[in-house]
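Below is one structure, written out as structure tokens; the observations come after it.
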2 protein chains.
Amino acid sequence: MTTEVQLAMSEQVAAHLRAQILSGTMPPGGRIRQEVVAEQFGTSRLPVREALRMLSAEGLVELEPNKGARVPMLDEHEVSLVYSMRERLEPLALVESIPHLDDDIVEELRIIQSRIEADTELQEFLILDREFHMLTYSGCDSEHLLGTVRRFWNTTQHYRRAFMEVSGPRRMWIVNAEHNLIIDAIERRDPDDAERYLAGHIRRTRIELLRHPEMFGPASTGASR
Amino acid sequence: MTTEVQLAMSEQVAAHLRAQILSGTMPPGGRIRQEVVAEQFGTSRLPVREALRMLSAEGLVELEPNKGARVPMLDEHEVSLVYSMRERLEPLALVESIPHLDDDIVEELRIIQSRIEADTELQEFLILDREFHMLTYSGCDSEHLLGTVRRFWNTTQHYRRAFMEVSGPRRMWIVNAEHNLIIDAIERRDPDDAERYLAGHIRRTRIELLRHPEMFGPASTGASR
DNA sequence: TTGCCTGTTTCTGGATCCATTATGGAGGAG
DNA sequence: CTCCTCCATAATGGATCCAGAAACAGGCAA
């Protein structure tokens with residue numbers, strides 16, 4: 001009796017598309033054809049439709065009636081605003097989370113952070129950075145709060161990558177310094193400091209991001225039409 | 001040439017279910033059977049499934065694989081947390097919105113407010129109160145921000161009603177006073193004051209709400225199992 | 001040449017049928 | 001009498017087929 005859960009087909013499709021979108025294989029503006037995805041998985045179009053609904057709930061695709069699905073493309077103001085939302089919500093998530101974070105988590109955070117500092121590969125950085133922040137929020141037991149935070153990360157994922165591409169390793173040094181401040185505050189169980197550092201971290205990222213308007217050109221990577 | 005849009009069937013079903021849930025006809029914890037809804041609308045189960053996916057994206061139902069849909073039931077802490085999220089996000093929405101609100105909107109706000117003060121019917125109050133706040137955010141052109149705010153209102157809708165039921169008309173007087181402060185701040189185009197009043201409005205509501213833990217009993221209205 | 005109209009094609013939306021999984025009750029063992 | 005097991009039932013998940021809307025290409029007229 002394996003505890004293997006035999007995921008529903010629609011979940012599998014959703015997971016795969018999610019990975020593709022988050023990894024940048026499907027750039028913003030790119031259309032997603034149900035039939036193409038369906039035969040890619042050897043299923044009918046129905047689970048694909050369900051998967052697309054799930055992803056639209058997560059902010060990863062947008063659905064237009066009778067016109068299909070596409071990866072959302074955000075303009076400069078919208079990205080900035082999502083960062084403003086993150087700036088307000090994620091500190092709350094962190095404050096809620098800290099009381100439930102034990103020393104094992106803190107240790108794990110330091111391990112992730114050391115891997116971030118060791119490995120400067122872009123794709124790897126994006127994954128680890130996300131993992132780092134999500135782990136700091138993991139003590140927060142509200143699915144609403146966590147889900148909302150995840151959605152924000154999803155919608156801005158592509159622009160995080162574009163930003164890191166143009167701002168280079170210098171940006172990573174700053175991120176590293178700020179991450180370590182956050183870890184220390186968590187270890188001291190100091191929610192006020194943690195909140196302050198995190199809000200500042202996100203705010204500075206947003207401001208820095210706005211200094212690179214070239215990221216928001218018509219279509220940064222293919223994705224015509 | 002009518003601009004009538006011939007809504008998709010799934011949208012119609014979603015709209016109807018949405019209204020039913022928000023009006024309290026379907027209480028938290030209540031299961032939603034696809035087949036029942038389907039024959040209620042004379043359609044197949046497929047558009048119902050799509051509608052349920054939409055509603056789950058809006059936070060109005062929760063889906064569990066192979067177990068169907070139910071109206072989410074929140075505990076005390078979760079509701080409080082959603083109010084904390086509202087307290088942080090809605091002031092941002094208001095600040096973003098104010099520059100785009102013209103005098104016509106202000107006038108409309110005063111009309112809604114006068115209707116709230118005139119009509120003390122509970123159901124009507126809930127609708128008008130929501131309409132009021134959403135109108136103050138209507139100048140904000142970000143679908144992400146507006147969508148998130150709407151989701152928060154959706155998830156707490158049932159507890160807003162339960163709260164008004166137990167706290168009575170006294171609560172309405174306070175709400176009225178605070179609404180008028182917000183209108184004035186908007187009319188003066190003073191985002192700082194507006195933000196302050198709104199944050200205080202939500203915070204005080206949250207605190208007051210927590211003084212009635214009896215609302216979070218096993219099941220306030222039917223909805224067994 | 002340019003703009004509009006129309007026919008064709010392609011893709012999404014919906015209906016029906018089948019497979020799979022959860023649920024609830026009856027019956028038997030301890 | 002209680003608890004476990006097994007089975008019948010009902011509800012969800014998926015496949016296939018069909019209808020309708022949108023994009024595209026070609027032709028016609030100004």
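Fair warning: this is a prediction, and the values are worked out from it, not measured in the lab. Order of the sequence lines fixes the chain letters, A, B, ..., with proteins taken first and strands second; residue numbering starts at 1 for each chain.
Among the nucleotides dC11(C), dG14(D), dC17(D), the one closest to the side chain of Arg31(A) is dC11(C). Checking dG14(D), dG13(C), dC11(C) against every side-chain atom of Arg33(A), the shortest atom distance belongs to dC11(C). The nucleotide whose nearest atom lies closest to any side-chain atom of Lys67(A) is, among dA15(C), dA22(D), dA15(D), dA22(D). Here the side chain of Asn66(B) is nearest to one of dT21(C), dG14(C), dG14(D), namely dT21(C). Comparing dG13(C), dA15(D), dT16(C) against the side chain of Ser44(B) picks out dT16(C) as the nearest. Checked against dA15(C), dG14(C), dA15(D), the side chain of Pro47(A) finds its nearest nucleotide in dA15(D).
The number of heavy-atom neighbours closer than 6.0 Å to CE of Met164(B), taken from other residues, nucleotides and ligands shown, is above 12. Within a 6.0 Å radius of CD in Glu35(B), other residues, nucleotides and ligands contribute 12 heavy atoms or fewer. Open room surrounds CZ on Arg115(B); 12 or fewer heavy atoms of other groups in view lie less than 6.0 Å from it.
Taking the centre and axis of the six-membered ring of Phe163(B), the NZ or CZ atom of Arg160(B) falls outside the cone set by 45° and 6.0 Å.
Residue contacts for Ile32(A): at a heavy-atom cut-off of 4.0 Å it reaches the sugar-phosphate backbone alone, with no base atom in range.
Between Gln34(A) and dG13(C) there is a side-chain polar atom (N or O) within less than 4.0 angstrom of OP1 or OP2.
On a pure distance criterion of 3.5 Å, a polar donor-acceptor pair joins the side chain of Arg49(A) and the base of dG14(C).
dG13(D) atom P lies 15 Å from atom CZ of Arg53(A), rounded to whole Å.
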